[in-house]
Amino acid sequence: MTTADLWHHYGRVRAERDRAVPGSFRWSWGQDVGPGAEVLGGLTGAVVADLGAGAARHAAHLVMRHVPGRVDAVDASPAQYAMATALYGSLAPRLRLVRQDVVAHLRANPGGYDVLYSVFGALDFTEPRELLPAAASALRPGGRLVFSTLAHCLSGKPAQPDVTAVDVPAKTPDGGSATLRRWVLQEHVWVKVLDGAGFAGIRVEELPAGEGDRAAAALLISAERPVGTA
């Protein structure tokens with residue numbers, strides 16, 4: 001049985017009117033305030049992966065505005081992969097578009113990355129107890145994981161006090177109603193699950209909600225794979 005691509009509609013309207021490589025990289029929900037790509041650390045020559053890259057706009061920015069060795073934009077959605085290919089396929093080989101489940105990709109590339117990041121991407125929509133150990137193993141010792149995630153549900157309900165997903169509305173390609181699981185966790189829960197996956201140097205910063213009807217506060221979280229781990 002084929003699973004419906006629940007990301008079919010996401011970003012499609014923007015892609016029709018905006019094909020440019022973004023001039024900035026932001027972690028906040030509104031993509032308008034807060035720190036930028038400097039949070040990732042030095043990227044010169046680095047091998048980087050965007051986990052749940054969508055249309056690969058952030059990945060394209062890094063390729064064009066920084067000097068990484070390569071950025072892999074990983075996403076399991078056929079629609080998002082097709083959109084990213086149409087928008088930024090010309091940036092190959094420094095930008096590599098990968099259509100694959102993120103956990104499977106990480107498990108297939110042990111020690112393959114210097115930096116992993118996600119901007120409200122796979123870290124929000126994948127069971128953390130599966131994804132985070134895979135991410136730790138895919139990083140080289142001393143490598144960094146950085147991600148932004150919602151600090152509370154978009155409905156205004158508080159984040160979960162344990163590793164439990166909430167259901168959020170989605171649409172099938174034909175417009176039917178569906179639901180996705182999203183992990184919206186309290187800060188201490190993220191710290192605990194990251195620590196359990198083998199990460200160290202865990203840091204959490206809250207990013208303000210900003211303005212607008214759908215404004216939401218976010219958490220910007222970074223962690224490292226300890227040096228000396230096999």
Side-chain angles (χ1 to χ4, degrees), residues 3-40 43 48-68 70-102 117-126 146-151 153-155 168-180 182 184 207-218 220:
T3 301
D5 183 358
L6 300 184
W7 295 101
H8 177 84
H9 300 284
Y10 185 78
R12 192 166 296 278
V13 173
R14 180 181 178 183
E16 292 173 353
R17 59 177 173 78
D18 179 8
R19 304 181 63 84
V21 174
S24 63
F25 184 120
R26 297 298 178 197
W27 298 96
S28 62
W29 179 251
Q31 296 288 287
D32 54 356
V33 297
E38 69 275 4
V39 178
L40 297 172
L43 294 178
V48 182
D50 184 331
L51 308 179
R57 292 184 182 274
H58 288 92
H61 169 86
L62 294 182
V63 166
M64 292 296 291
R65 307 285 179 167
H66 299 267
V67 285
R70 189 183 79 236
V71 179
D72 291 348
V74 186
D75 204 293
S77 163
Q80 294 298 307
Y81 174 81
M83 194 181 306
T85 300
L87 290 170
Y88 306 122
S90 62
L91 299 182
R94 290 180 62 210
L95 175 62
R96 186 173 71 147
L97 303 173
V98 181
R99 180 186 159 191
Q100 190 176 20
D101 173 78
V102 164
Y117 74 91
S118 180
V119 184
F120 306 104
L123 270 293
D124 275 22
F125 295 97
T126 310
V146 185
F147 63 99
S148 56
T149 182
L150 289 172
C153 296
L154 293 176
S155 65
V168 296
K171 287 190 177 297
T172 61
D174 63 5
S177 297
T179 57
L180 280 167
R182 186 170 204 157
V184 183
L207 304 178
E211 305 294 332
D213 294 337
R214 286 176 56 82
L220 176 58

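Small disclaimer: the values here were computed from a predicted structure and weren't measured.
Applying the salt bridge (charged side-chain N to carboxylate O under 4.0 Å, His left out) test to pairs two or more places apart or on separate chains, those with a residue in residues 70-91 are Arg70-Asp72, Asp72-Arg96. Among pairs with a residue in residues 82-95, those fulfilling side chain to side chain donor-acceptor pair (under 3.5 Å) read Arg57-Tyr88, at least two apart in sequence or across chains. Within the structure, salt bridge (charged side-chain N to carboxylate O under 4.0 Å, His left out) contacts touching residues 20-30 (residues at least two apart or in different chains) do not occur. Sorted by first then second residue, the salt bridge (charged side-chain N to carboxylate O under 4.0 Å, His left out) pairs that include residues 80-91, not counting sequence neighbours, number zero. Among residue pairs with one or both ends in residues 168-179, those qualifying as side chain to side chain donor-acceptor pair (under 3.5 Å) are Thr172-Asp174; sequence neighbours excluded.
A pairwise comparison of heavy atoms in Pro22 and Arg14 identifies CG-NH2, 4.5 Å as the closest pair. Nearest heavy-atom pair, Ala151 versus Val184, reported as atom, atom and distance to 0.1 Å: C-CG1, 4.4 Å. When all heavy atoms are compared, the tightest approach of Gly52 to Val102 is N-CG2, 3.7 Å. Closest heavy-atom contact between Gly54 and Ala84: O-CB, 3.8 Å. Between Ala215 and Ala209, the shortest heavy-atom contact is CB-O, 3.3 Å. In this structure, Phe125 and Leu180 approach most closely via the heavy-atom pair CE2-CD1, 4.3 Å.
If you run side chain to side chain contact (heavy atoms under 4.5 Å, CB included) between Met83 and each of Arg12, His8, Glu16, only Arg12 comes through. Each of Leu97, Asp50, Val98 was scored for a side chain to side chain contact (heavy atoms under 4.5 Å, CB included) with Val74, with one residue passing: Val98.
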Point to revise | side-chain contact (heavy atoms from CB on, under 4.5 Å) evaluation trace for Val39 with Phe25 | key: CA-CA 10 Å; Val39 178; Phe25 184 120; over 6 Å; no

Point to revise | Step-by-step side-chain contact (heavy atoms from CB on, under 4.5 Å) determination, Val168 to Leu154 | key: CA-CA 9 Å; Val168 296; Leu154 293 176; over 6 Å; no

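Among residues two or more places apart in sequence or in another chain, the salt bridge (Lys or Arg N to Asp or Glu O under 4.0 Å) test is passed with Asp124 by Arg182. Annotation: side-chain contact (heavy atoms from CB on, under 4.5 Å) contacts of Arg19 (sequence neighbours excluded): Ala86, Leu87. Listed by chain and residue number, nothing satisfies the ring-ring contact (aromatic ring centres under 6.0 Å, His included) test with Tyr81 (two or more places apart in sequence, or in another chain). Under the rule for a side-chain contact (heavy atoms from CB on, under 4.5 Å), the partners of Asp32 that lie at least two apart in sequence or sit in another chain are Ser28. Judged as a ring-ring contact (aromatic ring centres under 6.0 Å, His included), and not counting sequence neighbours, the contacts of His66 are His61. Under the side chain to side chain donor-acceptor pair (under 3.5 Å) criterion, Ser77 pairs with Asp5, not counting sequence neighbours. With sequence neighbours left out, the salt bridge (Lys or Arg N to Asp or Glu O under 4.0 Å) criterion links Arg99 to no other residue.
The distance from atom CD of Gln31 to atom OG of Ser24, rounded to the nearest 0.5 Å, is 7.5 Å. In this structure, OG1 in Thr149 is found 11.0 Å from CG in Leu207, a value given to the nearest 0.5 Å.
For the pair Val146/Trp27, a side-chain contact is recorded, criterion being any heavy-atom separation below 4.5 Å from C-beta on. Residues Leu62 and Leu40 have side chains in contact (heavy-atom distance under 4.5 Å, counting atoms from C-beta outward).
In this structure, Gln80 contributes its side chain and Tyr10 its backbone to a donor-acceptor pair below 3.5 Å.
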